[in-house]
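Keep in mind it's a predicted model, so treat the numbers as computed, not measured. Along the sequence shown, the residues carry numbers beginning at 1. Order of appearance sets the numbers: ligands from 1, and atoms from 1 within every ligand.
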Amino acid sequence: MLEEASAIAPSSNLEQEAWDAFLRCVHSKCSRTAYQNWIAPIIFVEMRHGIITLQVPNVFVKEYLLDNFKAELKAFLPQNSKGEPALKFVIGSIKAPQAAPAPATPKRECNFQLNHGYTFERFIEGSSNQFVKSAALGVAMRPGRSYNPFIIHGGVGLGKTHLLHAIAHHISIKQPQLKVHCLTTESFVNELVDHLKKKTIDKMKRFYRSLDVLLIDDIQFLQNRVNFEEEFCNTFEALINQNKQIVITSDKSPALLKMSERMIARMEWGLVAQVGMPDLETRAAILMHKAEVRGLPLEPSVAFYIAERVCSNVRQLEGVLNLLIAQHRLLQQSVDQTMVQHVLGGVAGVQSPIKVTADQVLKIVPPMLGVTLSDIRSTDRRQKYAQARQVVMYLLKTLVQEPLYVLAAYLGKTHSTVLHACKTVEKKMATNPSLMRLIHQARRRLEQEGGV
Ligand code: ADP
Ligand code: MG
């Protein structure tokens with residue numbers, strides 16, 4: 001419950017003493033900055049009908065108090081029938097006799113370089129990464145209190161670093177009082193070497209052990225570096241024992257890392273989540289999203305065309321996008337299938353799309369569209385048949401590797417009719433999600449049942 005305060009006179013009695021005792025306890029438990037920023041601005045107002053009224057400068061202070069010190073509140077202050085602290089909050093800024101120092105701007109104690117584009121909002125979700133993204137969000141919202149340690153593993157270019165930074169961003173914005181440190185394992189090792197040389201290792205230990213959140217990227221770098229691993233493991237244990245959050249990324253699952261059993265067991269204590277290769281739809285969505293962020297107009301059909309061919313990782317997808325942007329800006333070319341074909345021709349490792357035969361398309365697709373092959377071959381102009389015919393032509397052109405005049409001949413049409421049909425379908429797909437879905441369903445069926 002939160003109300004706007006006008007002028008409330010603070011009370012001084014036994015309950016006030018209980019509140020003071022609570023404050024002393026909290027003071028001993030949190031950092032000076034956190035205390036000054038989050039606890040000192042709270043004012044005990046009164047106790048009435050078994051409920052204590054506290055005045056807070058804003059709703060965040062209330063949330064901070066309840067999130068972090070509920071157990072202590074229950075221990076020192078009365079509880080309601082549900083066993084929760086019997087508290088009522090009012091927002092206000094009047095000065096009370098025991099008024100604490102004015103709330104200072106929370107200090108951000110994060111001394112690391114984060115990629116500003118790596119946020120949760122910019123991480124596109126699909127079936128391959130839904131679980132890991134929700135777990136990462138859970139960790140970001142309740143550091144140290146949900147999954148600890150949290151391990152993200154998966155192949156190169158699939159978004160591990162993106163998620164790691166997203167967690168760091170989220171915590172440093174929502175809970176700026178926490179001391180967050182995000183770095184690569186390589187930097188950790190370099191730092192360790194430096195401190196060993198300068199004989200200042202105790203300083204480094206003190207720093208790491210004072211953190212609230214440690215995020216460390218690419219732990220596989222510690223493989224076969226036994227001494228460094230041991231130092232990291234000690235830091236890890238010291239933090240975990242104080243319920244401080246640890247997030248680690250790795251290119252393989254902990255069990256497959258060439259590290260000590262002690263370290264592997266520690267990592268397996270927590271939640272181990274894998275990022276996988278996004279499916280076709282997610283890859284297309286990532287491309288569309290990144291193109292939009294960078295101001296490149298990209299038709300959905302072209303995004304799918306690329307996503308079908310670039311399937312090894314998201315980083316490669318971004319590489320293709322960079323080439324398209326360069327081509328678009330420097331040569332003033334619009335990004336269509338012809339331009340994309342040209343660009344993809346020069347990219348190593350681009351896979352040809354699923355290969356199917358015309359027979360497979362003609363057998364599988366018409367029934368999916370609720371028509372027969374003779375309807376497709378006919379000249380019936382009613383909308384249902386005309387659209388189905390266009391879709392079949394589009395799929396023949398985009399999936400079957402035969403010359404256009406041969407494809408046209410399968411349906412008794414001319415090659416310009418096929419070309420026109422393809423353009424119409426591409427245009428319609430941009431504004432008609434159900435047509436887009438239909439075409440992807442057809443592609444998926446062909447992928448499963450067809451293939452040569
Ligand atoms: P990893 O650390 O797994 O090698 P990164 O996190 O560096 O991969 O990701 C490579 C690139 O792909 C980054 O630019 C990242 O933003 C992008 N990326 C990966 N997955 C996604 C996703 N699901 N949504 C948006 N961008 C993604
Ligand atoms: Mg990475």
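When non-hydrogen atoms are compared, ligand 1 lies under 4.0 Å from the side chain of I286 (C-beta onward) but not from its backbone. Neither the backbone nor the side chain of D217 has a heavy atom within less than 4.0 Å of ligand 1. No part of E125 comes within 4.0 Å of ligand 1, judged by heavy-atom distances.
Proximity to G155 (heavy-atom distance under 4.0 Å) selects the following atoms of ligand 1: 3 (O). Those atoms of ligand 1 with a heavy atom of V156 less than 4.0 angstrom away are 4 (O).
A salt bridge links E231 to R209: one of the charged nitrogens lies within less than 4.0 Å of a carboxylate oxygen.
Taking the six-membered ring where the residue is Trp, H162 and Y118 present parallel rings, their angle staying beneath 30° rather than reaching 60°.
Annotation: cation-pi geometry satisfied between R309 and Y305 (NZ/CZ under 6.0 angstrom from ring centroid, within 45° of ring axis).
Considering each of G154, G126, G157, the one bringing a non-hydrogen atom nearest atom 1 (P) of ligand 1 is G157. Taking only non-hydrogen atoms, the option from A166, A285, G159, G319 nearest to atom 8 (O) of ligand 1 is G159.
Taking the six-membered ring for Trp and the full ring otherwise, the centers of Y405 and H415 sit at least 6.0 Å from each other.
Other residues, nucleotides and ligands place more than 12 heavy atoms under 6.0 Å from the OH atom of Y410.
Closest to atom 11 (C) of ligand 1 among all protein heavy atoms lies E318 OE1, 3.4 Å.
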